[in-house]
Amino acid sequence: VKSGVLASGDIGVVGDTVEYAVVVTNTGNVTVTNGVLVDPMVGLYDVSISWPDPGVPGRVGVGEQAVGRGKYDLTQADVDAGFVENTASVAASAPGGVRVSADTNTVRVNTVLPAAGLVVSKSGVLVGGGGVGDVVSYEFGVTNSGNVTVSGVVLSDAVPGVVVSDVVWPVAGAPGVIAPGQTATATGEYVIVQADVDAGRVVNTASASGVPARSEAITVVSPESVVATEAAAPVVSVSNGGALAAGASGRAGDVVTWTYVLTNEGNVTLSGAALADALVGASAPEYVWPGAVGVLVPGQSVTATSSYVLTQADVDAGSVTSIATGTG
């Protein structure tokens with residue numbers, strides 16, 4: 001008969017000790033000799049056998065008992081499985097050269113309940129000045145903070161533009177597997193776009209998912225990584241030119257066409273872009289937008305025109321002046 005229990009105070013985590021005992025009883029009517037107790041468990045230590053007569057090991061008389069003992073320290077595989085179990089066997093020689101043997105009962109010792117956990121970290125460092133086209137370099141870490149192995153681990157980034165390198169797994173040849181206390185690492189890069197500069201920062205998170213032993217799949221998200229871009233420097237410029245209509249000589253009643261160009265010369269997108277002419281009597285500008293109405297990304301320009309009818313006062317003055325203002 002074999003029995004096994006956790007050592008006093010142990011709860012069944014990795015490194016805890018299982019203490020085994022095997023009681024061998026001679027239930028026959030003859031004494032047996034050359035008794036051998038075999039336990040196939042790998043890792044068994046402090047093994048000892050107490051024979052009825054210490055001076056004659058291997059001999060068990062009728063009704064007598066031999067007691068074997070051993071210890072075993074739990075491994076991560078045992079905790080992942082939720083238990084450790086094994087069976088021992090005994091063999092001895094009876095009179096007449098008959099060999100008798102028997103197997104013990106199978107002993108199962110349960111380990112600690114599963115407590116699955118992953119922790120994801122992400123940090124970013126700016127490479128360059130933080131303008132459009134510059135790069136943010138990221139470092140990722142996925143640590144198993146639980147007590148059971150997690151397999152099928154997948155690392156992903158919330159921003160589609162982040163290119164994550166091959167993950168370095170704790171054990172080469174075992175991709176997606178992280179044992180308790182182990183960490184998988186990876187690096188990544190992201191190219192800054194105009195929307196990031198407009199926002200003044202790049203904000204995103206990473207996530208990891210996996211299937212822990214004896215538990216349902218889990219997904220965890222890292223804290224936000226915030227990397228500041230270059231400071232906003234909004235600048236606009238305006239050009240303005242006027243011309244008489246074809247064939248006009250500049251008399252009262254002739255039409256002057258004003259042509260304006262408003263350009264975004266800064267590093268952030270402008271919205272609500274508009275032109276205004278200080279000349280009383282000039283018509284409202286008519287725009288040709290490069291994209292959405294009122295929106296200019298850095299480097300874009302919008303062209304607009306307005307018309308003005310010369311007055312006698314303009315002819316008397318000899319000229320007419322237009323001053324345009326651009327905003328955004």
Side-chain angles (χ1 to χ4, degrees), residues 1-116 144 146-152 170-174 177-182 211-215:
V1 177
K2 183 173 185 178
S3 62
V5 295
L6 288 167
S8 177
D10 287 354
I11 59 175
V13 298
V14 174
D16 280 357
T17 300
V18 179
E19 297 176 340
Y20 287 108
V22 180
V23 178
V24 180
T25 305
N26 184 342
T27 59
N29 60 2
V30 294
T31 297
V32 296
T33 58
N34 299 318
V36 177
L37 178 62
V38 178
D39 193 316
M41 173 170 278
V42 176
L44 203 64
Y45 66 97
D46 283 355
V47 177
S48 64
I49 302 176
S50 299
W51 299 102
D53 183 350
V56 187
R59 185 177 69 181
V60 182
V62 176
E64 291 183 334
Q65 292 181 332
V67 179
R69 299 187 184 278
K71 295 180 180 179
Y72 172 79
D73 292 337
L74 294 174
T75 66
Q76 186 60 56
D78 301 323
V79 176
D80 291 345
F83 60 87
V84 59
E85 65 180 19
N86 76 325
T87 302
S89 63
V90 63
S93 298
V98 177
R99 195 69 175 167
V100 293
S101 63
D103 292 331
T104 68
N105 54 299
T106 299
V107 175
R108 172 178 288 198
V109 177
N110 292 325
T111 62
V112 68
L113 292 175
N144 185 338
N147 65 358
V148 290
T149 300
V150 182
S151 59
V171 178
V177 178
I178 307 178
Q182 291 182 337
V211 182
R214 296 189 288 148
S215 298

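Worth knowing before you read on, the calculation uses all heavy atoms, side chains too, and leaves out hydrogens, waters and symmetry mates.
Defined by atom type and a distance below 3.5 Å, a donor-acceptor pair is missing between the side-chain atoms of Asp78 and Thr111. Side-chain contact annotation: Thr106 with Glu85, donor-acceptor N/O pair under 3.5 Å absent. Inspection of the Asp103 and Thr87 side chains reveals no N or O donor paired with an N or O acceptor under 3.5 Å. Between the side chains of Arg99 and Ser93, at least one donor N or O sits under 3.5 Å from an acceptor N or O.
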- Could you give me the CA-CA distance, side-chain angles and deciding distance for Arg59 and Asp53, then say whether salt bridge (Lys or Arg N to Asp or Glu O under 4.0 Å) is met? CA-CA 7 Å; Arg59 185 177 69 181; Asp53 183 350; 3.3 Å; yes
- Task: Could you give me the CA-CA distance, side-chain angles and deciding distance for Lys2 and Asn105, then say whether side-chain contact (heavy atoms from CB on, under 4.5 Å) is met?
- Result: CA-CA 6 Å; Lys2 183 173 185 178; Asn105 54 299; 3.9 Å; yes
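Looking only at distances, no side-chain donor or acceptor of Thr104 sits under 3.5 Å from a matching main-chain atom of Ser89. Under the 3.5 Å distance criterion, the side-chain polar atoms of Asn147 are matched with a main-chain donor or acceptor of Leu113.
When every heavy atom of Asn26 is checked against every heavy atom of Val60, the shortest pair comes out as ND2-O, 2.8 Å. The two residues Arg214 and Val79 make their nearest non-hydrogen contact at NH2-O, 2.7 Å.
The cationic atom of Lys71 (NZ for Lys, CZ for Arg) does not lie both less than 6.0 Å from the six-membered ring centre of Tyr20 and within 45° of the ring axis.
Residues forming a side-chain hydrogen bond (donor to acceptor under 3.5 Å, both in side chains) with Thr31 (at least two apart in sequence, or on another chain): none.
Remark: Thr27 OG1 to Gln65 CD distance equals 10.5 Å, nearest 0.5 Å. In this structure, Asp46 CG and Tyr72 OH are separated by 15.0 Å, a value rounded to the nearest 0.5 Å. We find the CG-CG distance between Asp10 and Leu74 to be 8.0 Å, quoted to the nearest 0.5 Å.
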